[in-house]
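Remarks on the structure that follows.
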2 protein chains.
Amino acid sequence: MGNKNISMAVIRRLPKYYRYLADLLSKDIQRISSKELSDIIGFTASQIRQDLNNFGGFGQQGYGYNVEALHREIGKILGLDKKYNAILVGAGNLGQALTNYSGFKNAGFDIKAVFDANPKIIGLKLRDYEIMDSDKLEEYIVEHNVDIAILCIPKNGAQDVADKIVNAGVKGIWNFAPIDLEVPNHVIVESVNLTESLFTLSYLMKEDNEI
Amino acid sequence: MGNKNISMAVIRRLPKYYRYLADLLSKDIQRISSKELSDIIGFTASQIRQDLNNFGGFGQQGYGYNVEALHREIGKILGLDKKYNAILVGAGNLGQALTNYSGFKNAGFDIKAVFDANPKIIGLKLRDYEIMDSDKLEEYIVEHNVDIAILCIPKNGAQDVADKIVNAGVKGIWNFAPIDLEVPNHVIVESVNLTESLFTLSYLMKEDNEI
DNA sequence: TAGATTGTTAATCGATTAACAATC
DNA sequence: TAGATTGTTAATCGATTAACAATC
């Protein structure tokens, strides 16, 4: 229950609301109207009210929204109060960078272990983690109740790894491999495709030149 | 000219077409119909034909599309044949990882220099680059005709850096700072917001649990 | 109370899908 | 030629914006 079939367009705006509300909070601003929020966030006031009303009536006529309460509510909607066990697979450059990424704790993701298939780095220390052999992936997932995997591995083999970890019980994947993973319906994949982002920038720069 | 006011929805599908066509090419597949492409890429055949026809009639009735020609054309549409001078600002974990990112050369982005504001790492070697002082940013941009900057810096100060580099002549920014940069109309910003992506994953995992 | 602003319905806009004539 | 499949127009669907009664 609770799911009124919210569109992805709305969902992807939620983190932005959350971020701007945190900014307001840090400036000790206590209330805000949809009009004022519109001015700083760039969505229309109408859209803001529509978006929020998908989840509840958080505002008050004649007053607007209480910044702290709305921030807290959106945090709950985003599931930031939930805790998940996570692992990181692929301790290359990007994987190492993400291991240091502070965002995980805000999202309630607890990185329990780091894996790699390269014998040259297995056993090495990376921050608080000793890099483990990818062969141990399934065993570890089952034993430690891992919910989420962060995949920082090359395109080749990514689907194989996804199959294995999903089989072992992983329910969500933050995917940095440049491939569209195929997973069962109950598994969530959120992909960050750097190449697609870069190519989009390339396209937009070209367009600009042409105008 | 050439810009028929293509929607962002279409633009963000282009890199995906390009990637799937490259896959087909590597499998020596020479022709493909919108129906067959639909089956592997997941968009409807109708959408594929609509998308492509924004840029020209690349197909042939009764035959379909020539994979190699279409791949090449989309590469041109994406501006991958164009060359740009780029710099990377912020040689922290993520900046270091991106310095090693092979995608830049495919997009025609030539990283000319790496900058950081931290005195402790200025002067150190990072791959082929000696990390330069961010104080030299504007001077360097003007002298070396830098078109594009990759920003891997913290939220605080990101807008200041953006203002400076735009002022010095940068026309495009690949932004990893978790902030919506304000830039003049002629400057393109493409942002990768890891926190927003992670929060989206958090939301989707929660939703699934509720169903 | 009067003014402000929400929550929500209705109108508009844009994107996706369906249909089919054109044509290879 | 007959069959296949495009390019393109028309229909549908969904998302955004506008409007306003409800109400704090």
Side-chain angles (χ1 to χ4, degrees), chain A residues 2-17 20-21 24 29-74 77 200 203-204 207, chain B residues 2-17 20-21 24 29-74 77 200 203-204 207:
Chain A
N3 185 351
K4 294 198 313 169
N5 215 236
I6 310 295
S7 77
M8 275 309 287
V10 174
I11 294 168
R12 293 206 178 274
R13 281 193 292 270
L14 292 176
K16 215 159 183 173
Y17 289 120
Y20 276 87
L21 288 165
L24 291 168
I29 294 168
Q30 280 152 40
R31 57 173 271 201
I32 193 154
S33 69
S34 57
K35 174 65 175 61
E36 291 166 319
L37 191 53
S38 168
D39 289 339
I40 59 173
I41 206 170
F43 310 147
T44 64
S46 196
Q47 181 166 69
I48 291 168
R49 294 202 300 279
Q50 287 272 26
D51 282 354
L52 298 179
N53 272 90
N54 281 306
F55 303 98
F58 302 124
Q60 196 168 303
Q61 283 98 330
Y63 174 89
Y65 300 86
N66 178 290
V67 173
E68 191 180 352
L70 187 57
H71 179 261
R72 186 176 51 241
E73 287 301 325
I74 294 180
I77 292 164
T200 301
Y203 173 87
L204 293 172
E207 283 305 288
Chain B
N3 184 350
K4 293 200 311 170
N5 215 237
I6 310 294
S7 77
M8 274 310 286
V10 174
I11 295 168
R12 295 209 177 272
R13 282 193 292 270
L14 292 175
K16 214 158 183 174
Y17 289 122
Y20 276 87
L21 288 165
L24 291 169
I29 294 169
Q30 280 150 42
R31 56 172 272 202
I32 193 154
S33 70
S34 57
K35 174 66 174 61
E36 292 166 319
L37 191 53
S38 168
D39 289 339
I40 58 173
I41 206 170
F43 310 148
T44 65
S46 196
Q47 181 167 66
I48 292 169
R49 295 203 299 280
Q50 287 272 26
D51 281 354
L52 299 178
N53 271 89
N54 280 307
F55 304 99
F58 303 125
Q60 196 169 302
Q61 282 98 332
Y63 173 88
Y65 299 86
N66 178 291
V67 174
E68 192 180 351
L70 187 56
H71 179 260
R72 187 174 53 243
E73 287 301 326
I74 294 179
I77 292 164
T200 301
Y203 174 86
L204 294 171
E207 283 306 288

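To find a chain, count down the sequence lines: A is the first, B the second, and so on, and within it residues start at 1.
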### Query
What residues, two or more places apart in sequence or in another chain, satisfy side-chain contact (heavy atoms from CB on, under 4.5 Å) together with Y63(B)?
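Y63(B): side-chain contact (heavy atoms from CB on, under 4.5 Å) contacts with R31(B), Q60(B), N66(B).
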### Contact list for DNA chain D against residues 7-16 of chain B - heavy-atom distance below 4.0 Å
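Residues of residues 7-16 of chain B under 4.0 Å from DNA chain D: none.
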### Query
Which residue pairs satisfy the salt bridge (charged side-chain N to carboxylate O under 4.0 Å, His left out) criterion with at least one member in residues 41-68 of chain A, sequence neighbours excluded?
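Only R13(A)-D51(A) qualify under salt bridge (charged side-chain N to carboxylate O under 4.0 Å, His left out).
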### Task
Please work out if S46(B) contacts a base, only the sugar-phosphate, or nothing of the nucleic acid, heavy-atom cut-off 4.0 Å.
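Contact class for S46(B): base.
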### Message
Please classify the nucleic acid contact of F43(A) as base, sugar-phosphate, or nothing, using heavy-atom distances under 4.0 Å.
### Response
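The residue F43(A) makes no contact with any strand.
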### Message
Taking side chain to side chain donor-acceptor pair (under 3.5 Å) as the cut-off, I'd like each qualifying pair that reaches into residues 35-47 of chain A, sequence neighbours left out, listed once.
### Response
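Only S33(A)-E36(A), K35(A)-D39(A) qualify under side chain to side chain donor-acceptor pair (under 3.5 Å).
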### Message
At a heavy-atom distance below 4.0 Å, which nucleotide of DNA chain C is the first touched by chain A, and which is the last?
### Response
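Range of nucleotides within reach of chain A: dA4(C) to dA10(C).
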### Message
Can you tell me how far apart CD1 (I11(B)) and CD1 (I6(B)) are? Round to the nearest 0.5 Å.
### Response
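If I round to the nearest 0.5 Å, the distance is 7.0 Å.
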#### Entry: Point-to-point distance, once rounded to the nearest 0.5 Å, from OH of Y17(A) to CG of L14(A)
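CG of L14(A) is found 7.5 Å from OH of Y17(A).
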### Message
At a heavy-atom distance below 4.0 Å, what parts of residues 60-72 of chain A sit against DNA chain C?
### Response
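The answer is Q60(A), Q61(A), G62(A), Y63(A), G64(A), Y65(A).
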### Most 5' of G56(B) and T44(A) on DNA chain D, judged by nearest nucleotide
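Whichever sits nearer the 5' end wins; that is G56(B).
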### Query
Between Y65(A) and L52(A), is any pair of side-chain heavy atoms under 4.5 Å apart?
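Side chain of Y65(A) against side chain of L52(A), heavy atoms only: contact under 4.5 Å found.
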### Message
Tell me every residue that passes ring-ring contact (aromatic ring centres under 6.0 Å, His included) with Y20(B), counting only those two or more places apart in sequence or in another chain.
### Response
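For Y20(B) there are no ring-ring contact (aromatic ring centres under 6.0 Å, His included) partners, ignoring immediate neighbours.
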### Query
Checking side chain to side chain contact (heavy atoms under 4.5 Å, CB included) against L21(B), which of I29(B), I41(B), L70(B) comes through?
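The side chain to side chain contact (heavy atoms under 4.5 Å, CB included) with L21(B) is passed solely by L70(B) among I29(B), I41(B), L70(B).
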### Task
Fill in the dot-bracket string of DNA chain D, one character per base: . for unpaired, | for a pair to another strand, ( ) or [ ] for pairs within the strand, taking Watson-Crick or G-U pairs under 3.5 Å.
..||||||||||||||||||||||
### Task
Begin with the C-alpha distance, continue with both residues' side-chain angles, and end with the deciding distance and a verdict on side-chain contact (heavy atoms from CB on, under 4.5 Å) for L24(A) and H71(A).
CA-CA 10 Å; L24(A) 291 168; H71(A) 179 261; over 6 Å; no
#### Entry: Nearest heavy-atom neighbours spanning F58(A) and F55(A)
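Closest pair (atom of F58(A), atom of F55(A), distance): CZ-O, 3.6 Å.
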### Task
Under the salt bridge (Lys or Arg N to Asp or Glu O under 4.0 Å) rule, collect the residues that match up with R12(B), sequence neighbours excluded.
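In terms of salt bridge (Lys or Arg N to Asp or Glu O under 4.0 Å), with neighbours along the sequence ignored, R12(B) is linked to E190(B).
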